[in-house]
Amino acid sequence: MAPSKVLAGARVVLPTGTVDDGRVIVDGARIADTAPPQAETVDLAGHWVVPGFVDIHNHGGGGASFAGGTAEEILVGVETHRRHGTTTVVASAVTGELDFLARHAGMLAELAQQGDIVGIHFEGPFISPCRKGAHDEQLLRDPDPAEVRKLVDAAHGHAKMMTLATELPGGLDSVRLLVEHGVIAAVGHTDATYEQTVQAIDAGATVATHLFNAMPPVGHRAPGPITALLEDERITVELINDGTHLHPAALQLAFHHAGAARVAFITDAMDAAGFGDGRYRLGPLDVEVTDGVARLVEGGSIAGSTLTLDRAFKRAVTVDRLPVGDVVAAISANPARLLGLDDRIGSLEPGKDADLVVLDDAFELVGVMRRGEWVVDPQLG
């Protein structure tokens, strides 16, 4: 067991606000309210301490794919994102043959059982060919509830979310099935109208998969899914804050209409995150990453991102000028609550896992702790 620690002197972001010259007591793997006599003091004056980041939509990193890699490769990707502050990650699949997705879900379920990931997100194959993005159109299919159930069952209780084009035949019944099985139904890669999206929300959908991307734009006579997703208090909207997927004004629009309590920052990362430019695969498709932007070799569609959540955090504060507390909500508290894990993670409170990130005064990451152990030790540089 790791020695007890008192992280002292930092600006600590708590659910109730920011405490200057605050401290976080770590006893073993948990945050404590009192420090044992032998606790080591770590001086973090001039730094911020925030909760560990929670990524609910991530396809890989460090050169490894969550969507098709081996268990060993997936762990490389998990470790890559941990070193960038993501102490909790959901592994996202992409469109593939149904039998392959079921087999791969079984392997991911083992990693979830071990605690390396917290669950599985199925992005595809039940999405619209009109808004397919970086998904193989030949493998897309309507959301048949029986096939949806097959994937949920293959995850052995570790399916956390599924993205659907809910306007397709079987879409609303599939949403209801997911809700019955405790799986988040997300609206995304959709060509739905405003009215169809409202129907999906009423059926139980609670997430907008990377809002604005892979869905019709807002129109003054055809407001489309974006308007329905932004205006409904039941929806949490995912945002990819990498400067490529969204114009800053679109991000501000989402925060203004949804409010900080309904935003979840995600990476939608693929293999190149934390790794570098080059040629990659996303599911069955070839991707070229140039200057950190991933695009399909065939057609040029954006193919996920190379984002890590520490970069999303810094951009949100320094470029988008969002309050630090709002960014912490979007990157930690809100996704933790969405996953039903906010009793363990997402905020710095006694009894919760000692998952936290240390940032310097320029919001550069200098330390990461997961369950009381330093992944990146701020004292070692």
Side-chain angles (χ1 to χ4, degrees), residues 54-58 90-95 98 101-102 105 108-109 112 118-128 131-133 135 140-216 224-239 258 262-264 266 268 334-341:
V54 181
D55 195 353
I56 61 173
H57 187 156
N58 187 321
V90 174
S92 298
V94 296
T95 294
L98 206 66
L101 290 174
L108 290 171
V118 294
I120 305 162
H121 164 217
F122 295 99
E123 188 182 22
F126 309 115
I127 60 176
S128 172
R131 304 286 173 176
K132 65 183 185 296
H135 292 255
L140 301 182
R141 53 213 297 143
D142 290 341
D144 180 343
E147 294 181 340
V148 169
R149 175 68 184 271
K150 177 178 179 177
L151 293 184
V152 171
D153 288 347
H156 302 298
H158 296 289
K160 288 293 185 182
M161 183 162 66
M162 184 177 291
T163 294
L164 305 166
T166 54
E167 76 278 9
L168 296 176
L172 295 180
D173 285 340
S174 294
V175 168
R176 296 183 186 103
L177 183 146
L178 291 170
V179 172
E180 288 171 6
H181 287 81
V183 180
I184 297 165
V187 177
H189 288 277
T190 177
D191 205 40
T193 64
Y194 173 90
E195 291 77 13
Q196 288 170 327
T197 306
V198 169
Q199 288 182 317
I201 298 169
D202 287 341
T206 54
V207 168
T209 294
H210 44 53
L211 187 75
F212 299 108
N213 298 114
M215 58 183 64
I226 294 170
T227 305
L229 294 163
L230 278 177
E231 72 181 10
D232 199 299
E233 295 293 326
R234 294 170 287 184
I235 293 292
T236 298
V237 298
E238 295 182 348
L239 298 177
R262 289 179 46 222
V263 172
I266 60 164
D268 194 18
N334 299 343
R337 184 176 62 251
L338 192 68
L339 294 173
L341 299 175

S.K.: Hey, what do you get for CD (E167) to CG (L172), rounding to the nearest 0.5 Å?
M.R.: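 Between atom CD of E167 and atom CG of L172 there are 9.5 Å.
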S.K.: Side chains of K160 and I120: closer than 4.5 Å at any heavy-atom pair?
M.R.: no
S.K.: Is I127 close to L164 at the side-chain level, that is, under 4.5 Å between some pair of heavy atoms?
M.R.: no
S.K.: Run the numbers on K150 and D153 for salt bridge (charged side-chain N to carboxylate O under 4.0 Å, His left out), then give the verdict.
M.R.: CA-CA 5 Å; K150 177 178 179 177; D153 288 347; over 6 Å; no
S.K.: About how many Å separate NZ of K132 and CG of L140, when rounded to the nearest 0.5 Å?
M.R.: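 Between L140 CG and K132 NZ, I get 8.0 Å after rounding to 0.5 Å.
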S.K.: Can you list the steps and then say if V148 with M162 is a side-chain contact (heavy atoms from CB on, under 4.5 Å)?
M.R.: CA-CA 9 Å; V148 169; M162 184 177 291; 3.7 Å; yes
S.K.: Examine distances only and state if a side-chain atom of T163 and a backbone atom of G188 form a donor-acceptor pair shorter than 3.5 Å.
M.R.: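 A pair under 3.5 Å: no.
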S.K.: Check whether any side-chain N or O of H189 sits under 3.5 Å from a backbone N or O of R131 as a donor-acceptor pair, and report yes or no.
M.R.: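 Here the side-chain-to-backbone pair exists.
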S.K.: Is there side-chain contact between P125 and L101, with at least one heavy-atom pair below 4.5 Å?
M.R.: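 P125 reaches L101 side chain to side chain.
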S.K.: State the CZ-CG distance between F122 and L108, to the nearest 0.5 angstrom.
M.R.: 7.5 Å
S.K.: Where do A155 and A109 come nearest, in terms of heavy atoms and distance?
M.R.: O-CB, 3.3 Å
S.K.: If I compare all heavy atoms of S128 with all of D191, which pair ends up nearest, and what's the gap?
M.R.: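 Reported closest heavy-atom pair: OG-CB, 3.9 Å.
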S.K.: Restricting to non-hydrogen atoms, name the atom on A102 and the atom on A154 that form the minimum distance, rounded to 0.1 Å.
M.R.: O-CB, 3.5 Å
S.K.: Compare every heavy atom of G119 with every heavy atom of A112, then report the nearest pair and how far apart it is.
M.R.: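 Scanning both residues, the minimum pair turns out to be CB-N, 4.2 Å.
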S.K.: Quick one: pull up CG in L178 and CG in L151 and give me the separation to the nearest 0.5 Å.
M.R.: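 Between atom CG of L178 and atom CG of L151 there are 9.5 Å.
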S.K.: Report yes if the side chains of F126 and D142 come closer than 4.5 Å at any heavy-atom pair, otherwise no.
M.R.: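 No, too far: nothing below the 4.5 Å cut-off.
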S.K.: Should L230 and L211 count as side-chain neighbours, where that means a heavy-atom distance under 4.5 Å?
M.R.: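 Side-chain contact under 4.5 Å: yes.
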S.K.: Would you confirm whether N334, through its side chain, and V263, through its main-chain N or O, come within 3.5 Å as a donor-acceptor pair?
M.R.: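 Flag set: sc N334 to bb V263 pair under 3.5 Å.
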S.K.: Side chains of I226 and F212, heavy atoms from C-beta outward: is any pair under 4.5 Å?
M.R.: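 Yes, their side chains come closer than 4.5 Å.
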S.K.: L339 vs V118, test: side-chain contact (heavy atoms from CB on, under 4.5 Å). Steps then yes/no.
M.R.: CA-CA 9 Å; L339 294 173; V118 294; 4.1 Å; yes
S.K.: Evaluate side-chain contact (heavy atoms from CB on, under 4.5 Å) for V90 paired with M161, printing each intermediate quantity in order.
M.R.: CA-CA 9 Å; V90 174; M161 183 162 66; 5.9 Å; no
S.K.: I want to check something: taking the side chain as every heavy atom from C-beta on, are D268 and N58 in contact at a cut-off of under 4.5 Å?
M.R.: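 Of all side-chain heavy-atom pairs linking N58 with D268, none is under 4.5 Å.
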S.K.: Applying the side chain to side chain donor-acceptor pair (under 3.5 Å) criterion to S92, which one of H121, E123, H57 satisfies it?
M.R.: H121
S.K.: Under 3.5 Å, is there a donor-acceptor pair between the T166 and Q199 side chains?
M.R.: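 Checked: T166/Q199 side chains show no N/O donor-acceptor pair below 3.5 Å.
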S.K.: So, for P335 and I56, which heavy atoms are closest and what is the spacing to 0.1 Å?
M.R.: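 The pair with the smallest heavy-atom distance is CB-CG2, 3.8 Å.
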S.K.: On a heavy-atom basis, which atom in T209 and which in A186 lie closest, and how many Å separate them?
M.R.: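 Heavy-atom minimum between the residues: OG1-CB, 3.3 Å.
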S.K.: If I take atom CD1 from residue I201 and atom CG from residue D232, how far apart are they, to the nearest 0.5 angstrom?
M.R.: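 Answer for the CD1-CG pair, I201 versus D232, is 4.5 Å.
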S.K.: Show your reasoning for whether side-chain contact (heavy atoms from CB on, under 4.5 Å) applies to I235 and V207.
M.R.: CA-CA 5 Å; I235 293 292; V207 168; 5.9 Å; no
S.K.: After noting the C-alpha distance and the side-chain angles of D202 and R234, does the key distance pass the salt bridge (charged side-chain N to carboxylate O under 4.0 Å, His left out) rule?
M.R.: CA-CA 9 Å; D202 287 341; R234 294 170 287 184; 2.9 Å; yes
S.K.: Could you tell me if the side chain of M215 sits less than 4.5 Å from the side chain of L229, heavy atoms only?
M.R.: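 They are in side-chain contact.
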S.K.: Can you tell me how far the CZ atom of R262 sits from the OG1 atom of T206, to the nearest 0.5 Å?
M.R.: 11.0 Å
S.K.: Please answer whether the main-chain N or O of T193 pairs with a side-chain N or O of Q196 as donor and acceptor at a distance below 3.5 Å.
M.R.: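 Yes; judged by distance alone, with no hydrogens or angles, the pair exists.
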